[in-house]
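A note on names: the letters A, B, ... follow the listed sequences, proteins ahead of strands, and every chain is numbered from 1.
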Number of protein chains: 2
Amino acid sequence: MSESASPTVSGRRLEHPETSRIRLETVLGALADPIRLSIVCALAGGHEDMACVAFDLPVSKSTSTHHFRVLREAGIIRQYYVGTARKSSLRTDDLAERFPGLLPSVLNAERGRREEHPDGPT
Amino acid sequence: MSESASPTVSGRRLEHPETSRIRLETVLGALADPIRLSIVCALAGGHEDMACVAFDLPVSKSTSTHHFRVLREAGIIRQYYVGTARKSSLRTDDLAERFPGLLPSVLNAERGRREEHPDGPT
DNA sequence: CTCGTACTACGATGGTTATCGTACTTTGGC
DNA sequence: GCCAAAGTACGATAACCATCGTAGTACGAG
């Protein structure tokens with residue numbers, strides 16, 4: 001890896017769609033899943049740069065990997081390696097540029113839902 | 001709607017979820033389909049109260065029925081019979097109350113997409 | 001009453017997706 | 001070098017969903 005000396009960041013690369021190619025239907029489809037919605041909500045709630053394992057999702061590791069990939073390929077999150085961990089962050093600015101207001105309204109709605117049903121997942 | 005003696009309105013009933021029971025994931029899932037998105041866009045574009053047949057969708061009649069049902073059961077549209085026709089309208093106010101800003105941002109995003117790709121469907 | 005229109009119900013089919021377990025890879029620490 | 005931790009790749013499975021065709025229902029016009 002000729003990535004001149006960044007010892008903590010892995011040379012492993014992950015594909016991310018560029019902002020202009022993020023598709024609305026794909027984003028909506030990615031958000032139409034309770035587990036992925038909870039991931040996005042956690043990332044938006046000040047938990048940026050969390051490792052996948054820190055989310056404690058009610059699914060197996062391989063399923064978790066799957067959901068993170070769906071979010072990444074939809075253009076909703078960005079992922080990068082730090083050691084063995086893969087950290088994630090919301091592409092808030094990119095989404096705001098491409099679909100203004102969409103992510104905030106979804107997050108707002110999801111937060112409202114959790115106030116109604118505090119016994120829900122995550 | 002006035003129950004007694006409305007000769008143009010059929011007695012056939014259609015189930016609609018009440019506003020407080022509209023679920024975010026269901027709404028997002030319903031919108032994550034290009035055909036349903038085009039229906040919603042058409043309804044928002046001043047074509048309220050259109051009969052299903054007026055949309056000229058690139059699918060069969062039974063598939064069209066299916067998509068309208070998904071939208072109705074998600075709480076996105078309201079449907080009622082007028083003679084043999086079944087007309088549809090967006091539940092704009094209900095959605096704005098339940099998920100403020102969500103529908104406008106989706107519609108705005110979809111309109112932007114159509115400016116990029118005017119050769120797309122519908 | 002009959003016919004055409006508009007839509008629905010049902011069953012089938014094929015494609016996508018969510019889930020899992022197992023085996024593997026990459027990385028960092030000892 | 002070896003091991004544990006974190007995650008990935010792969011294959012299997014089951015559920016879901018979009019699509020269709022056919023047959024049927026409701027309504028209005030004549």
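Of the candidates D/dC20, C/dA18, C/dT26, the closest approach to any side-chain atom of A/Thr84 belongs to C/dT26.
Atoms CZ (B/Phe55) and C1' (C/dA6) sit 14 Å apart, rounded to a whole Å. Look at CG on A/Leu14: it is 13 Å from C1' on D/dA6, rounded to the nearest Å. In this structure, the CG atom of B/Asp33 is 12 Å from the C1' atom of C/dT16, given to the nearest Å. For B/Arg72 and C/dA9, the CZ to P distance is 8 Å, given to the nearest whole Å. In this entry the distance linking NE2 of B/His66 with P of D/dA18 reads 4 Å, nearest Å. A/Lys61 has its NZ atom 8 Å from the C1' atom of D/dA5, to the nearest Å. The separation between A/Tyr81 atom OH and C/dG28 atom C1' is 15 Å, rounded to whole Å. Rounded to a whole Å, the CZ atom of B/Arg69 is 12 Å from the P atom of D/dA18.
B/His67 is not listed as a side-chain neighbour of B/Leu57, based on a closest heavy-atom distance of 4.5 Å or more.
For the OP1/OP2 pair of D/dG7 and a distance below 4.0 Å, the side-chain nitrogens and oxygens of A/Thr65 include no atom meeting the criterion. OP1 and OP2 of D/dA18 both lie 4.0 Å or more from every side-chain N or O belonging to B/Thr63.
A distance-only check finds no donor-acceptor pair linking the side chain of A/Arg113 to the backbone of B/Arg23 [under 3.5 Å].
Separation of atoms CZ (B/Arg69) and OG (B/Ser64) is listed at 12.0 Å; rounding is to 0.5 Å.
A side-chain contact (heavy atoms from CB on, under 4.5 Å) with A/Arg36 is found for exactly one of A/Ile77, A/Ile76, A/Leu31, A/Leu71, namely A/Leu71.
With hydrogens and angles left out, the side chain of B/Ser62 and the base of D/dG21 share a donor-acceptor pair within 3.5 Å.
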